[in-house]
Amino acid sequence: MLGTVLLLLLALGEPAWPSLASLESRRAEALKKLLEVFGMEDPPAPPAHVKQPPQYMVDLFNTVANADGVTKNPDILEGNTVRSFLDRTHSEEMRFLFVLSSVAKNEKILTAELHLFRLWPRVTDGPKRHHFCQVSVYQVLEKEKPDTPGGKKLLAARLVSLQTSGWEVFAITPAFASGRDHHESKRPMLVLFTDDGRRGASLPMGGFPDLKPQTPDVPAKMPVPKPAGSRRARSLGRILPCRRHPLFVDFEEIGWSGWIISPKGYNAFHCKGSCPFPLGENMRPTNHATVQSIINALKLSEGVSTPCCVPDKLNSINLLYFDDHENVVLKQYDDMVAGSCGCH
């Protein structure tokens, strides 16, 4: 008998289990698809040295999103992208250089701000006669024009107090086409609020292969409480009613923690369960789903299935990350979290 089994196995060949190379290929394909969702072709390279993001960008992220990156209020940002650029000159002259090559051609610049940190004035002998000074911000032009003598264009001007220190923000949106030896955290910074046109656009919906084998409905590093009576329901072969289940995306686990600042991961959730007749209000059915459920229950038409358990509310998430040029970017992505589930 044993010999017969061995001969049968030899005849059939090796078991059709996926090879290590096949699993790696599927993983690479899955991560490529996930990058497409985030609007990228390749993941940005992590900064060469440990860098602290500008505090303004961290504060903005915390204003827009919760700790998991889920948007608190979709109307806070005018667009869906905020890019910060630090001055590249490091010179003693009050001239600043911001390299905007990372701004994509399809991004529409909505607002541009220049952030300057005002230091305490140096102590000088004699009485203090002036309590304010005027700060004028000019755009240095490539060519001098008749209406811009001196090859520069005034963008903003303001009187600022000499008695305090802190950040001053100047609106310089008209110059979007286009340092003092401060501490790194006080370097002049250009902030662009843009929109890449992806808002409301449909995202790739192709099926993603599993990144690694895991227990169904149980995300990595996130325990899932078992509902009361779940064992009995399984023993009777019943499917639990439509509800939301955890689905945690861990950026460190997939190798993205080097360039993503916040969050470390997020719970996308997924919908699973049955939509039995009659559909109650707790299943949040649409009118169409209610009619479909009735037709299915009464067998009034062949081939009509029961309604499906799907997300009926989707929330956006926010990523704070370093781009290829080590600039810090805040970007908002629509339809990334299943906020609730219903029978449709």
Following the transitive rule for hydrophobic clusters with a side-chain heavy-atom cut-off under 4.5 Å over Ile, Leu, Val, Met, Phe, Trp and Tyr, establish whether [X] and [Y] coincide in one cluster.
X	Y	result
Leu35	Val37	yes
Val58	Val64	yes
Leu110	Leu330	no
Met336	Ile254	yes
Ile109	Leu114	yes

Counterpart residues, ring-ring contact (aromatic ring centres under 6.0 Å, His included), relative to [X] (two or more places apart):
X	result
His115	Tyr56
Tyr333	Phe38
Phe98	none

Pairs meeting criterion salt bridge (charged side-chain N to carboxylate O under 4.0 Å, His left out) with involvement of residues 165-174, two or more places apart: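 Salt bridge (charged side-chain N to carboxylate O under 4.0 Å, His left out) check on residues 165-174 returns Arg118-Glu168, Arg158-Glu168.
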Under 3.5 Å, sequence neighbours excluded: what are the donor-acceptor pairs made by side chains of residues 277-286?
unit_1: Arg284; atom_1: NE; unit_2: Asp312; atom_2: OD2; d: 2.7
unit_1: Arg284; atom_1: NH2; unit_2: Ser340; atom_2: OG; d: 3.4
unit_1: Thr286; atom_1: OG1; unit_2: Ala289; atom_2: N; d: 3.0

Val99: hydrophobic cluster co-members (side-chain, 4.5 Å):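 Answer for Val99: none, a lone residue.
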Glu253 vs Phe248 side-chain heavy atoms within contact, under 4.5 Å: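 Side chain of Glu253 against side chain of Phe248, heavy atoms only: no contact under 4.5 Å found.
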Val337 and Asp68, any side-chain heavy atoms less than 4.5 Å apart: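 Heavy-atom side-chain distance check fails, nothing below 4.5 Å.
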Short side-chain to backbone donor-acceptor contact, Lys72 and Asn62, under 3.5 Å: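 Yes; judged by distance alone, with no hydrogens or angles, the pair exists.
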Side-chain (Arg244) to main-chain (Ala338) donor-acceptor, under 3.5 angstrom: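 Checking the backbone N and O of Ala338 against the side chain of Arg244, a donor-acceptor pair under 3.5 Å is found.
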Any side-chain donor near an acceptor of the partner, Thr71 and Asn318, under 3.5 Å: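 Their side chains do contain a donor-acceptor pair, which is all the 3.5 Å distance test asks for.
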Can you give each donor-acceptor pair under 3.5 Å made by side-chain atoms of residues 256-263, sequence neighbours left out, with the distance rounded to 0.1 Å?
none

Any residue meeting salt bridge (Lys or Arg N to Asp or Glu O under 4.0 Å) with Glu24, in chain and number order, not counting sequence neighbours: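 Partners of Glu24 under the salt bridge (Lys or Arg N to Asp or Glu O under 4.0 Å) test: none.
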For Glu113, all residues meeting salt bridge (Lys or Arg N to Asp or Glu O under 4.0 Å), sequence neighbours excluded: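 Testing Glu113 for salt bridge (Lys or Arg N to Asp or Glu O under 4.0 Å), a comparison that skips the adjacent residues, returns none.
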Side chain to side chain contact (heavy atoms under 4.5 Å, CB included) evaluation trace for Cys341 with Phe269: CA-CA 10 Å; Cys341 300; Phe269 293 102; over 6 Å; no
Worked check of disulfide bond (SG atoms under 2.5 Å apart) between Cys343 and Cys275: CA-CA 6 Å; Cys343 292; Cys275 295; 2.2 Å; yes
Positive for side-chain contact (heavy atoms from CB on, under 4.5 Å) with Thr81, one of Gln332, Lys331, Lys108: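 For Thr81, the side-chain contact (heavy atoms from CB on, under 4.5 Å) check succeeds only for Lys331.
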For Pro46, all residues meeting side chain to side chain contact (heavy atoms under 4.5 Å, CB included), sequence neighbours excluded: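 Partners of Pro46 by the side chain to side chain contact (heavy atoms under 4.5 Å, CB included) criterion come out as none, since no residue qualifies.
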Ala48: side chain to side chain contact (heavy atoms under 4.5 Å, CB included) partners, not counting sequence neighbours: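 Partners of Ala48 under the side chain to side chain contact (heavy atoms under 4.5 Å, CB included) test: Glu326.
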Steps toward side chain to side chain contact (heavy atoms under 4.5 Å, CB included) verdict (Leu190, Ile172): CA-CA 9 Å; Leu190 177 68; Ile172 57 169; 3.5 Å; yes
Asp323/Arg83 under side chain to side chain contact (heavy atoms under 4.5 Å, CB included): CA gap, chis, key distance, verdict: CA-CA 9 Å; Asp323 66 13; Arg83 296 183 179 274; 3.9 Å; yes
CD-CG distance between Glu107 and Asn80, expressed to the nearest 0.5 angstrom: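 Separation between the atoms: 8.0 Å.
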Shortest non-hydrogen separation from Ser102 to Phe85 and the atoms involved: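 So the minimum-distance heavy-atom pair works out to OG-CE2, 3.4 Å.
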Worked check of side chain to side chain contact (heavy atoms under 4.5 Å, CB included) between Phe322 and Val328: CA-CA 5 Å; Phe322 292 102; Val328 175; 3.6 Å; yes
Identify all side-chain donor-acceptor contacts of residues 293-311 below 3.5 Å with residues at least two apart in sequence or on another chain.
unit_1: Asn296; atom_1: ND2; unit_2: Val304; atom_2: O; d: 2.7

